[in-house]
Amino acid sequence: MSQTFLDSNELVLNMGPQHPSTHGVLRVILKLDGERVNGTECVIGYLHRGVEKIAENRTYQMFAPYVDRMDYVAAVSNGLGYVLAVERLINVEATPRAQAVRVILTELNRIASHLLWLGTHALDIGAITPLFYTLREREEVLKIFENYCGARLTTHAFRIGGLQYELYDGFEREVNAFCDWFIPKVDEYEELLTNNRIWRERLIGVGILNAADCKRYGVTGPVLRASGVAWDLRKAQPYCGYQNYEFDIPTRQNADTYDRYVVRMEEMRQSVRIVRQAVGAIPDGPIKAKVAKVLKPPVGEAYVSIEAPKGELGYYIVSDGTLNPYRVRVRPPSLINLQALDQMVRGALVADVVAIIGTLDIVLGEIDR
Amino acid sequence: MIALLKKILLVDLLQGLWVTFRNQHPKHLYTEQYPLERPKVAERFRGAPRLNINPDNGETLCISCDLCAKACPENLIVVTSVRNEQTKRKDLTTFTYDTSRCMFCGLCEDACPVDALELTQDFELASYTREGLIWDRQMLEEGPKPTRYTR
């Protein structure tokens, strides 16, 4: 807060860290004038585990399970970003088969992440029903993860150089069945919410963050795309063979909470489209490229960013030629997106703060690391 | 005009209610009645660790190579062995696995060259004491024994 004093008609309200609508342990100090928010201050760090420091005491392979625990809703995307960064460091590319599987799993994870966002966001607004349906559909994605790699949430699905596990029998069938079953479900959510007058009135015009401000704060992901900027790292700097798949970048112009909802709904459909293309053409071949068991990358650094469900997720790794990384720095999309919260909630009502925090789709595990 | 009529007749809300109504059928129930019906987890599920024994003679498959302990990010596996002068090999004496610190990443399983250490489908690992979570060789070979409650 820039002003440390309060007017006589102002009130400081502490929201969180146990508040259910802050999606974790975020503490927001609100300065209120009646129902209007005049300023905010975010207090973060309640979930700090020092993941970046842990990396300095682990070998490159050993650190891979820890990245799953940052954005635990989209663990597969985190794993992908990390292994891509290490692969760039040691100049190895995953085999085509591994790349196709990686695309399938990360896109499924994007769906799972958006589903959890949709359910909890709607719950914050007051629509309880979608939560039950979205968690039901998310369960199917998690079952695919469990069948593939043995864990539902913190998957540790990818290894440096490719994959550890070969696809199980019936993987393609299961994924295709999920895609066919899932698309009508998205329509069902839209039936519940898109035209609902309460939903529209709570969201339209709330938490506007226009394109210029998005760029100023470095906001990425669906929040940026809802302001009309068609920026998606899968198109802008393709990795993992995303250039081979056809998909659109959904954008909207109004940059409000409702538009971000529409963009994310459309993203789920596009993810299904990518998964369908990828699962129809999984190349044969080895699943893991040749990587030394004792990994000693050459002295150097690498930065790789991927389009995680929440925005640009970057990994910056510095190697000093030893077994352990010298430094691992994560650029978490949630943390950067959260910076825009203050501007978005200024002038809004207290009830809208909950909607705006929800629409940013933050995960505190990633913010605090 | 139609829009106004739709607004008066609450079409948007009824549309949503219709979705809720369609999902009322008991076949849409997804909740697991957990202690009564235990879920069947996937074949590759990474749960409780197990140290496999040769079913024919009951000897352990572990060759005390210590690779799992070296692969573990949390350093929670301790393997000790003595050198057997007759076979010129190492005999496993103790094998300790601290499940309280385990994150079930599966790296130890991947490292094992003889498929002795394995993460199994057992997932009920709770214990009343911290010591109970540190598994010794016998516990690892026999697997966890979750309490079965009956009415």
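Below, chains carry the letters A, B, ... as their sequence lines are ordered, and counting in each starts from 1.
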- Of all of Thr194(A), Asn147(A), Asn57(A), which one pairs up most often with chain B through heavy atoms under 4.5 Å apart? Asn147(A)
- Go through Met62(A) and Glu74(B) one step at a time and tell me if the side chain to side chain contact (heavy atoms under 4.5 Å, CB included) criterion holds. CA-CA 9 Å; Met62(A) 275 185 191; Glu74(B) 288 288 339; over 6 Å; no
- Task: Mind listing the closest non-hydrogen atom pair of Tyr133(A) and Thr20(B) along with its distance?
- Result: OH-CA, 3.5 Å
- Query: Where on Phe132(A) is there a heavy atom nearer than 4.5 Å to chain B: the side chain, the backbone, both, or neither?
  - Reply: neither
- Task: Tell me, with the steps shown, if Val19(B) and Glu190(A) meet side chain to side chain contact (heavy atoms under 4.5 Å, CB included).
- Result: CA-CA 10 Å; Val19(B) 175; Glu190(A) 296 242 26; over 6 Å; no
- Query: Which members of residues 121-130 of chain A, sorted by number, sit under 4.5 angstrom from chain B on a heavy-atom basis?
  - Reply: Thr129(A)
- Where do Trp18(B) and Leu192(A) land on the side chain to side chain contact (heavy atoms under 4.5 Å, CB included) test, with the steps shown first? CA-CA 9 Å; Trp18(B) 175 237; Leu192(A) 276 172; over 6 Å; no
- Option that, when pairs with chain A are counted at under 4.5 Å, heavy atom only, ranks first among Glu43(B), Arg22(B), Gln121(B): Arg22(B)
- Note on the structure: Residue from Glu139(A), Arg58(A), Lys143(A) scoring the most non-hydrogen pairs under 4.5 Å with chain B is Arg58(A)
- What residues form a side chain to side chain contact (heavy atoms under 4.5 Å, CB included) with Arg50(B), not counting sequence neighbours? Asn52(B), Glu118(B), Thr120(B)
- Message: Checking Phe104(B) against His156(A) for the side chain to side chain contact (heavy atoms under 4.5 Å, CB included) test, could you report, in this order, the C-alpha distance in whole Å, the side-chain angles of both residues, the deciding distance, and whether it holds?
- Response: CA-CA 9 Å; Phe104(B) 305 100; His156(A) 192 207; over 6 Å; no
- Query: Can you say whether Arg69(A) sits under 4.5 Å from chain B via the side chain, the backbone, both, or neither, judging by heavy atoms?
  - Reply: side chain
- Message: If you count heavy atoms of other groups shown closer than 6.0 angstrom to OH of Tyr168(A), is the number above 12?
- Response: yes
- Measuring heavy-atom distances to chain B, does Arg152(A) have an atom under 4.5 Å in its side chain, in its backbone, in both, or in neither? neither
- Proximity breakdown for Glu188(A) and chain B, heavy-atom pairs closer than 4.5 Å: both
- Message: Would you say that more than 12 heavy atoms from the other residues, nucleotides or ligands in this model lie under 6.0 Å from the CG of Asn54(B), or not?
- Response: yes
- Query: Taking C-beta and beyond as the side chain, do Asn196(A) and Gln15(B) meet within less than 4.5 Å on heavy atoms?
  - Reply: no
- Hey, does Leu107(B) have a side-chain heavy atom less than 4.5 Å from the side chain of Arg159(A)? yes
- Arg44(B) side chain to Ala151(A) backbone, donor-acceptor under 3.5 Å: no
- Please indicate whether Arg89(B) has more than 12 foreign heavy atoms, meaning atoms of other residues, nucleotides or ligands, lying under 6.0 Å from its CZ. no
- Using non-hydrogen atoms and a 4.5 Å limit, figure out which bit of Ala71(B) sits close to chain A: side chain, backbone, both or neither. backbone
- Item | Segment of Phe63(A) engaging chain B (4.5 angstrom heavy-atom cut-off) | neither
- Return yes when atom CZ of Phe21(B) has more than 12 non-hydrogen atoms of other residues, nucleotides or ligands closer than 6.0 Å, and no otherwise. no
- Which atoms of Thr155(A) approach chain B - backbone, side chain, both or neither, heavy atom under 4.5 Å: backbone
- Message: Does atom CZ (Arg173(A)) have a neighbourhood of more than 12 heavy atoms from anything else shown, all under 6.0 Å?
- Response: no
- Query: Above 12 or not: heavy atoms from other molecules or residues under 6.0 Å from CG of Asn84(B)?
  - Reply: yes
- Query: Any chance CD1 of Ile2(B) has more than 12 other-residue heavy atoms, nucleotides or ligands included, within less than 6.0 Å?
  - Reply: no
